[in-house]
S.K.: 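The structure under discussion is supplied below as structure tokens; questions concerning it will follow.
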Amino acid sequence: MSAPAVDLLERLRAQPGGEQLLAAASTGTFLVGGAVRDLLLDRTPRELDVVVEGDGAPALVRRLGASRHPGAAAAPEGHPTDALAEPSPTIGPAVVEHPRFGTAVVEHPRFGTAVVELDGARIDVAMARRERYPTPGALPEVEPAPLAEDLLRRDFTVNAIAMTLHGEHPGELRAAPHALEDLRAGRLRVLHERSFLDDPTRLWRLARYRARLGFVVEKHTTELTAAAVAGGALQTVSGARIGAELRLALAEADPVVTLAMLERRGLLGALHPRLRFEAPVVERALGLLPAGDPQCRPDLLLLAALALPLVLRADGDPRAEIAALLDRLEFSAGDRDRVAAAAAAVPRLVDELPSVARPSQLRALALPVPPEGVALAGAVSEPAADSARRWLEDVRHVRLTITGEDLLAAGIPQGPEIGRRLEESLRMRLDGKLPDEHSAQLHAALGLP
Ligand code: ATP
């Protein structure tokens with residue numbers, strides 16, 4: 001891990017956007033956080049996080065924009081990226097298409113940060129700052145500060161390392177106490193006692209890093225996590241922020257390990273006391289869900305699996321309860337309804353899938369349910385697994401060779417009759433009573449001998 005400065009610079013240069021970032025950097029510009037951690041571990045950073053000391057961030061953003069078109073000058077005064085220098089009370093991002101350079105910039109004026117999309121790379125630019133938490137769990141108030149303080153406001157020591165990008169010693173590292181030794185040892189440690197109380201989303205971040213990097217958690221940090229969870233720290237955080245953490249966990253390369261970690265640390269239970277993560281069931285369900293099929297969503301399967309205890313020990317209206325939970329976590333309406341429908345369908349599928357005889361019956365049972373629900377039912381109950389697999393891999397894809405257009409052209413008037421005839425023909429096709437041939441299917445749909 002102890003890569004010399006020149007190696008680190010080369011690793012950065014090899015990242016998308018790295019070359020342009022080095023060219024655009026000026027005095028007081030540092031690569032920080034996960035980007036430095038990942039370069040030191042020789043992993044690929046997901047994005048490049050940059051802090052600039054003083055008020056140089058807007059100028060860096062402009063230079064990065066200009067670097068896509070080397071001939072172009074910096075953006076004119078008054079360009080929207082100047083909002084960075086003039087904090088406004090707005091919370092949340094403003095998306096700004098840079099008209100002149102074709103570079104998208106997303107700004108968070110309140111935090112003095114901007115995101116630059118550059119040749120497929122994402123560069124997060126922020127002014128070096130200190131943070132103050134007005135109340136536990138609330139968003140912080142920020143003000144400019146030297147780099148050393150910016151490092152100390154971070155979540156874990158391994159994310160509190162900065163690399164100089166400009167000046168006499170580019171590639172040189174500056175780190176919070178313990179940071180380099182913790183990275184070398186593969187250890188996660190908070191920077192101060194109140195860390196999880198100030199921002200309990202760090203409990204989620206810890207579980208994600210632990211699962212992704214395979215790091216251990218330093219002893220005192222473990223004690224602080226247990227105390228924070230037991231003290232109800234997560235109750236101080238908005239549903240939207242916890243929902244964002246859950247979505248990040250689901251998007252990890254190995255979400256199963258990540259969710260298992262979250263469960264073990266009591267973080268899922270803090271979302272809803274009945275949520276459970278049963279890795280063997282989830283592994284079986286993911287095995288049944290066709291991989292790479294755009295109509296199948298492993299992330300939603302994981303969510304439906306978490307919510308299963310709400311359905312299996314139902315009192316009240318589990319579907320509404322799941323929907324209310326996902327609303328609180330600010331999932332989209334489409335995802336919310338699909339997860340609730342998938343989980344709620346499991347008990348009936350478990351009852352009925354084992355006894356379906358004909359493929360047309362299988363279709364009638366499974367079609368109204370999202371594929372994630374069918375996979376879960378097959379994972380929960382061994383007798384349901386065969387039918388679930390048959391539906392997901394085969395029966396779901398069977399189509400007729402004729403369409404409504406064929407029936408219209410043959411004189412069937414527009415209306416529900418067309419759908420009814422197609423559905424009946426598909427039933428026959430599924431049950432092996434119709435060949436795959438176009439004319440035979442058309443004859444059957446038209447009721448001809
Ligand atoms: P990833 O690889 O998941 O992108 P990352 O470490 O780059 O991980 P980001 O969420 O991109 O994480 O955040 C960038 C950096 O900002 C982190 O490395 C950390 O230093 C700091 N950071 C992010 N969230 C917090 C937080 N809640 N509290 C303190 N510091 C944070």
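Computed over heavy atoms, backbone and side chain alike; hydrogens, waters and symmetry mates excluded. Index from 1, following the sequence. Atoms within each ligand, like the ligands themselves, are counted from 1 in listed order. Treat the numbers as computed from the prediction; the structure is a model and nothing was measured.
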S.K.: Only one of Q15, R122, R37 forms a side chain to side chain contact (heavy atoms under 4.5 Å, CB included) with P45, so which one is it?
M.R.: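 Only one option passes, and that is Q15.
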
S.K.: Sort and list the pairs that fulfil side-chain hydrogen bond (donor to acceptor under 3.5 Å, both in side chains) and have at least one residue in residues 146-157, not counting sequence neighbours.
M.R.: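 Non-adjacent pairs meeting side-chain hydrogen bond (donor to acceptor under 3.5 Å, both in side chains): R130-E149, E131-R153, D150-R153, D150-R154, D155-N159, D155-R205, T157-D182.
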
S.K.: Students should find this: residues with any non-hydrogen atom under 4.0 Å from ligand 1. What is the answer?
M.R.: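 Contacts of ligand 1 under 4.0 Å: G33, G34, R37, R46, E47, D49, R153, R154, D155, N159, D199, T201, R202, R205, R208, Y209, R212.
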
S.K.: Is it the case that over 12 heavy atoms from other parts of the model lie below 6.0 angstrom from the CD atom of E278?
M.R.: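 Counting other residues, nucleotides and ligands, CD of E278 stays at 12 neighbours or fewer.
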
S.K.: Specify whether F156 and F196 have parallel, tilted or perpendicular ring planes, treating 30° as the upper limit for parallel and 60° as the lower limit for perpendicular.
M.R.: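 Ring orientation of F156 relative to F196: tilted.
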
S.K.: Please name all residues satisfying side-chain contact (heavy atoms from CB on, under 4.5 Å) with E19, sequence neighbours left out, ordered by chain then number.
M.R.: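 Testing E19 for side-chain contact (heavy atoms from CB on, under 4.5 Å), a comparison that skips the adjacent residues, returns R13.
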
S.K.: State which residues pass side-chain contact (heavy atoms from CB on, under 4.5 Å) with V398; sequence neighbours excluded, sorted by chain then number.
M.R.: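 Residues passing side-chain contact (heavy atoms from CB on, under 4.5 Å) with V398: D394, L426, R429, L430.
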
